[in-house]
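Working notes for the structure below.
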Amino acid sequence: MPITSTTSAEAPAITSRAASGSGVFHQKNQGFEVEGTYTPPAYLQKYYWWTYVHPAAVRIFERQWLIDLILWGNYQSLREAALDEFGEKLPGATLQIACVYGDLSARIAERAKAGGGTLDVVDALPVQLKNLRAKLPEDAPVSLTASSSASLPFADASFDRVLLFFLLHEMPRDVREATLAHALRVLKPGGKLVIVDYAKPRLWHPARWIWYPVIGRLEPFAKELWSSDLRIFMPEAWRNAKVRRSEYFGGLYQKVVLEKGAER
C-alpha cells in the first residue's frame, strides 16, 4: 500500500494521481519515514492538537464506541449514508479528503477492491495516515498522501467520486473554501461529491442547547455550518448548483450530494 507526500506546507504542483507510490513520504522496512520537512497547517496544531495531532490522541479516539458516543449514537447510520451514495462496488478512482477515526475508510477500500477501483486518502497529518495504514489490509488498493486539503496535489478531473466526512466544520473559512474548490476541481464530469457534516438542529432538539455551547468551545469554526448552506463556501460558479440534501438526527447532521455536470 503506497504512501506518498508533498514535503512542505506550501501548495504543491499539480501532479497525476498518486497511485504508484511515487513521492517521498513512504514506507520503509515497515516503518514510517518522511524525507525533508513537513509542517501541518497552523490551525490544526492550535485547535486540534488534542484530537488529531498528538500521538496520544490517536490512542484515545480510535475507538468505535467513543466515535459513536461523540456523534450521539449516529456514527453507523452516517457512515452508511455516505457509503450508500457510492454503491457496493467502486470502479475507477475514489478520493477521501482527510482520515477519519473508525472503519469508514476500510469499508470504502473493500468496495473499491470489489469494483476493481482505487481509493486515495489525503490528510495533512502524517500521524493520521500512519493510523489509517494500520487499519487497512496490505492488499488494499489504497494510496495515502500527506498534503493540505486546501492544495490537493492531484490533476484536474482525476476522481470519479470525492468524500468529505465531518471535515468542513473543523476548518477556518478560507481553508474550507479552498478545500471545496479543490474537491470540485479534481472531480470528473459526472462524478459525485458527498459531504457529511454538522447542520442546524431543529428548535426542539436537546443538542441545540447542550451541544452547541460545547461545539463553540472546542471547535471554533463549526458554528458557520449551523446556519449556512454549504454552497456558499464553494466557488462562485457552484453556489447555485443543484444539490441533494438529507437530514439526520433531528437536523443535527446533514448529507449534501452534488453531481458534477448537473445543470447549474
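These figures come from a predicted structure and were not determined experimentally.
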Got a second to check how far [X]'s [atom1] is from [Y]'s [atom2], nearest 0.5 Å?
X      : Y      : atom1 : atom2 : result
Lys223 : Leu225 : NZ    : CG    : 13.0 Å
Phe61  : Ile67  : CZ    : CD1   : 10.0 Å
Tyr52  : Glu170 : OH    : CD    : 3.5 Å
Leu187 : Asp156 : CG    : CG    : 11.0 Å
Arg185 : Leu180 : CZ    : CG    : 13.0 Å
Leu168 : Phe233 : CG    : CZ    : 8.5 Å

Looking at every non-hydrogen atom in both residues, tell me the closest pair between [X] and [Y] and how far apart they are.
X      : Y      : value
Ala199 : Pro201 : O-CD, 3.3 Å
Ser77  : Asn74  : OG-O, 3.0 Å
Gly92  : Asp160 : CA-OD2, 3.3 Å
Ala109 : Leu119 : N-CD2, 4.0 Å
Val100 : Phe165 : CG1-O, 3.7 Å
Ser149 : Thr179 : OG-OG1, 2.8 Å

Side chains of [X] and [Y], heavy atoms from C-beta outward: is any pair under 4.5 Å?
X      : Y      : answer
Val256 : Leu193 : no
Asn131 : Val127 : no
Val58  : Tyr101 : yes
Arg133 : Leu144 : yes
Asp197 : Leu164 : no
Leu218 : Trp50  : yes
Val175 : Pro41  : no
Leu163 : Ile97  : no

Run Leu252 and Trp226 through side-chain contact (heavy atoms from CB on, under 4.5 Å) and show every step you take.
CA-CA 8 Å; Leu252 181 60; Trp226 283 56; 4.1 Å; yes
Could [X] and [Y] be called an ion pair, given the rule that one side-chain N must be under 4.0 Å from one carboxylate O?
X      : Y      : result
Arg231 : Glu236 : no
Lys113 : Asp139 : yes
Glu259 : Lys242 : no
Arg176 : Glu224 : yes

Between the side chain of [X] and the main-chain N/O of [Y], is any donor-acceptor distance below 3.5 Å?
X      : Y      : result
His54  : Trp49  : no
Ser158 : Ala155 : yes
Gln45  : Pro40  : yes
Asp68  : Tyr75  : yes
Ser148 : Ala150 : yes
Arg239 : Met234 : yes
Gln96  : Ala98  : yes
Asp123 : Ala146 : no
Lys260 : Lys192 : no

Evaluation steps, side-chain contact (heavy atoms from CB on, under 4.5 Å), between Lys135 and Glu62:
CA-CA 10 Å; Lys135 295 190 290 183; Glu62 190 58 86; 2.9 Å; yes
Start with the C-alpha distance between Leu136 and Glu110, add both sets of side-chain angles, then the distance that settles side-chain contact (heavy atoms from CB on, under 4.5 Å), and finish with yes or no.
CA-CA 9 Å; Leu136 298 173; Glu110 288 175 359; over 6 Å; no
Scan Arg161, Lys255, Arg111 and name whichever one has a salt bridge (Lys or Arg N to Asp or Glu O under 4.0 Å) with Glu85.
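Answer after filtering Arg161, Lys255, Arg111: Lys255.
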Taking the six-membered ring for Trp and the single ring otherwise, decide whether the centroids of Phe221 and Tyr47 are under 6.0 Å apart.
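Distance test on ring centres: under 6.0 Å, yes.
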Quick one, Met171 with Leu167, criterion side-chain contact (heavy atoms from CB on, under 4.5 Å). Give me CA distance, side-chain angles, the key distance, then yes/no.
CA-CA 7 Å; Met171 296 175 156; Leu167 175 64; 3.5 Å; yes
Please walk me through it: do Asp103 and Arg79 pass salt bridge (charged side-chain N to carboxylate O under 4.0 Å, His left out)?
CA-CA 9 Å; Asp103 61 357; Arg79 178 196 65 203; 3.0 Å; yes
Could you check Tyr48 against Glu219 for side-chain hydrogen bond (donor to acceptor under 3.5 Å, both in side chains), going step by step and ending with a plain yes or no?
CA-CA 8 Å; Tyr48 294 103; Glu219 305 202 64; 3.2 Å; yes
Do the ring planes of Trp72 and Phe249 sit parallel (below 30°), tilted (30 to 60°) or perpendicular (above 60°)?
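Aromatic pair Trp72/Phe249 classed tilted.
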Tell me whether the rings of Tyr253 and Tyr198 are parallel (<30°), tilted (30 to 60°) or perpendicular (>60°).
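Correct class here is tilted.
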